[in-house]
Colleague: 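Sending over a structure as structure tokens; questions will come in a sec.
Lettering follows sequence order; numbering is per chain, from 1.
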Number of protein chains: 2
Amino acid sequence: MSTRWLDDAEMTAWVRLAAVLELLPGVLDSQLRRDAELTHYEYYVMAMLSEAPKRTLRMTALAQRTNATLPRLSHVVKRLEDRGIVERFPCPEDARATNARLTAEGWKKIRATAPGHVATVRRHVIDVLTPEQISQLADITGAILESVDPEGNLSEVYRR
Amino acid sequence: MSTRWLDDAEMTAWVRLAAVLELLPGVLDSQLRRDAELTHYEYYVMAMLSEAPKRTLRMTALAQRTNATLPRLSHVVKRLEDRGIVERFPCPEDARATNARLTAEGWKKIRATAPGHVATVRRHVIDVLTPEQISQLADITGAILESVDPEGNLSEVYRR
DNA sequence: AGCAAAAGGTTGTAGCTACAACTTTCCTGC
DNA sequence: GCAGGAAAGTTGTAGCTACAACCTTTTGCT
């Protein structure tokens, strides 16, 4: 079976996307690290918790919303717990499960951190695109996510 | 100074892009790791070398084309050298500089690996998009790269 | 009921990346 | 022609992620 190589247009798009994949996380991480001693993933964990009812989510749900594996989340939450940013407690309905909750301190921290982070996202992504491109980007990433998602356990937001 | 938060359309695009940033590298890495014991970054290093004249590039040039810092590249190249995939030798014109060259074995390896990798890229990115979307993606990532790029040392491919 | 399999988490560890510190060579101005 | 700084790499190390192994509780079957 013979390989279908990429033509010029496809190659350009792919090379640039690969560069974004390589560079953008570093930009986000270093702003958050500098201003709040957080990684982008840690920020995302806090953000998902802050939007949940009672600022609480089960580990599995949190892992899904943050696009991470459970082991990764477990390690991260432990570190955040040591820093007083989240707390864990057993889930009453299911003795296997663990709930993670954003503490008052964590809530204060993300409120203080959000403006700087949003400004960074705006500066490097949103504000360099036209409204039309933003809509195109949502469609494009939506299509990619559908194919990347193993068995349909994406968050609702990704659904097209 | 007050924060301009993201509206719904902006938020959707950003959340999805963030998910792609988180998930796509893992997909690429695991295919390459499974089939060739390579990370995506290692593959990229080999690919850039394979396209260069004499399959040779100076470390700085290679770092730039692979969107990485020099320390990172240095570590990676050392490991590839230990595996007989690349070799390093001092640059004749500049005694500070080091050249990296793809070995015959490395050349064979990337030729054997490329079809599987391209198939993965097609499956998860290129083939899920229309030709129009591919062109849009190139423009969008081009704009992001310009803003992310610190002082204009991007490869030519990124220029719009 | 009782047992196997699945679901939910945690822990240990190897490996990769970021950051800082350091060495050597080259360039510039005086 | 020679200091001082920039450029090119390398190395050491701390920290994060992936992967595998493990434990406990729940579910499904019969």
Colleague: Mind calculating the distance between CG (B:Leu62) and P (D:dA8) to the nearest angstrom?
Modeller: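 Whole-Å distance recorded here is 14 Å.
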Colleague: Going by number, which of residues 45-55 of chain A have a non-hydrogen atom under 4.0 Å from DNA chain D?
Modeller: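 When residues 45-55 of chain A is checked for heavy atoms under 4.0 Å from DNA chain D, there are no hits whatsoever.
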Colleague: With a 4.0 Å heavy-atom cut-off, tell me which residues in residues 73-86 of chain A come close to DNA chain C, sorted by residue number.
Modeller: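 A:Ser74, A:His75, A:Lys78 - these, ordered by number, are the residues of the stretch whose heavy atoms sit under 4.0 Å from the strand.
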Colleague: Nearest 0.5 Å, what's the CE-OG1 distance between B:Met59 and B:Thr98?
Modeller: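 B:Met59 atom CE to B:Thr98 atom OG1 measures 6.5 Å (nearest 0.5 Å).
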Colleague: In whole angstrom, give the distance that lies between atom CG of A:Asn67 and atom C1' of D:dA18.
Modeller: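 Between C1' of D:dA18 and CG of A:Asn67: 16 Å.
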Colleague: Could you give the CG-to-P distance, from A:Leu32 to C:dC19, as a whole number of Å?
Modeller: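 My rounded result for the distance is 13 Å.
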Colleague: On a heavy-atom basis, which atom in A:Leu137 and which in A:Thr141 lie closest, and how many Å separate them?
Modeller: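 So the two residues come closest at O-OG1, 2.6 Å.
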Colleague: Mind listing the closest non-hydrogen atom pair of B:Val76 and B:Glu42 along with its distance?
Modeller: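 Scanning both residues, the minimum pair turns out to be CG1-CG, 3.8 Å.
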Colleague: In terms of the angle between their ring planes, are B:Tyr43 and B:His40 parallel, tilted or perpendicular, with boundaries placed at 30° and 60°?
Modeller: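 Plane angle under 30°, so parallel.
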Colleague: Nearest-Å distance, CG (B:Leu70) to C1' (C:dC22)?
Modeller: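 Whole-Å distance recorded here is 14 Å.
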Colleague: If the condition is side chain to side chain donor-acceptor pair (under 3.5 Å), which residues does A:Arg101 pass it with, not counting sequence neighbours?
Modeller: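 Testing A:Arg101 for side chain to side chain donor-acceptor pair (under 3.5 Å), a comparison that skips the adjacent residues, returns A:Glu87.
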Colleague: For DNA chain C, whose closest nucleotide is more 5', that of A:Pro71 or that of A:Ser30?
Modeller: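 Between the two, 5'-proximity favours A:Pro71.
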Colleague: Would you mind listing every side chain to side chain donor-acceptor pair (under 3.5 Å) that reaches into residues 108-121 of chain B, with sequence neighbours excluded?
Modeller: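 For residues 108-121 of chain B, and leaving out neighbouring residues, the side chain to side chain donor-acceptor pair (under 3.5 Å) pairs sorted by first residue read B:Gln31-B:Thr120.
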Colleague: Measure from the side-chain N and O atoms of B:Thr103 to the backbone N and O of B:Ile85, and report whether any donor-acceptor pair falls under 3.5 Å.
Modeller: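 Yes; at least one donor-acceptor contact below 3.5 Å.
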Colleague: Name the atoms and distances for all side-chain donor-acceptor pairs under 3.5 Å in residues 47-56 of chain A, with sequence neighbours left out.
Modeller:
residue : atom : partner : partner atom : Å
A:Ser50 : OG   : A:Ala47 : O            : 2.8
A:Thr56 : OG1  : A:Lys54 : O            : 2.7

Colleague: Can you confirm whether more than 12 heavy atoms, excluding those of A:Asp82, are under 6.0 Å from its CG atom?
Modeller: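 Atom CG in A:Asp82 is crowded, with more than 12 foreign heavy atoms closer than 6.0 Å.
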Colleague: Rounded to whole angstroms, how far apart are CD on B:Glu42 and C1' on C:dC16?
Modeller: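 About 9 Å, once rounded to whole Å.
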Colleague: List the residues meeting side chain to side chain donor-acceptor pair (under 3.5 Å) with A:Arg88, not counting sequence neighbours, and say none if there are none.
Modeller: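 Applying side chain to side chain donor-acceptor pair (under 3.5 Å) to A:Arg88 gives A:Glu81.
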Colleague: Just the rounded figure in Å: distance from P of C:dT17 to CG of A:Leu23.
Modeller: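 Going from CG in A:Leu23 over to P in C:dT17 covers 14 Å.
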Colleague: Is there any salt bridge (charged side-chain N to carboxylate O under 4.0 Å, His left out) pair reaching into residues 121-136 of chain A, and which pairs are they, with sequence neighbours excluded?
Modeller: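 Passing the test, one end in residues 121-136 of chain A: A:Arg122-A:Asp127, A:Arg122-B:Glu10, A:Asp127-B:Arg4.
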Colleague: For DNA chain C, which residues in residues 90-100 of chain A have a heavy atom at a distance below 4.0 Å?
Modeller: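 Listed by number, they are A:Arg96, A:Ala97, A:Thr98.
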Colleague: Which residues, if any, of residues 33-41 of chain A bring a heavy atom under 4.0 Å of DNA chain D?
Modeller: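 DNA chain D contact set from residues 33-41 of chain A: none.
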Colleague: Mind jotting down which residue pairs meet the salt bridge (charged side-chain N to carboxylate O under 4.0 Å, His left out) criterion with at least one end in residues 18-31 of chain B? Sequence neighbours excluded, please.
Modeller: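 Output for this query lists A:Arg72-B:Glu22.
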Colleague: List for me each residue that meets side chain to side chain donor-acceptor pair (under 3.5 Å) alongside B:Glu37, sequence neighbours excluded, and say none if there are none.
Modeller: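 Once residues adjacent in sequence are excluded, B:Glu37 has no partner under the side chain to side chain donor-acceptor pair (under 3.5 Å) criterion.
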Colleague: Can you tell me the distance, in whole Å, between the CD atom of B:Gln64 and the P atom of D:dA7?
Modeller: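 Between P of D:dA7 and CD of B:Gln64: 13 Å.
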Colleague: With sequence neighbours left out, write down each residue that passes side chain to side chain donor-acceptor pair (under 3.5 Å) with B:Tyr41, or none if nothing qualifies.
Modeller: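 By the side chain to side chain donor-acceptor pair (under 3.5 Å) rule, B:Tyr41 matches B:Thr66.
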Colleague: Rounded to the Å, how far apart are B:Asp29 CG and D:dT17 P?
Modeller: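 Roughly 14 Å, once rounded to whole Å.
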Colleague: Output yes when at least one side-chain N/O atom of A:Arg72 is less than 4.0 Å from OP1 or OP2 of C:dT10, else no.
Modeller: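 Negative; the distance criterion is not met.
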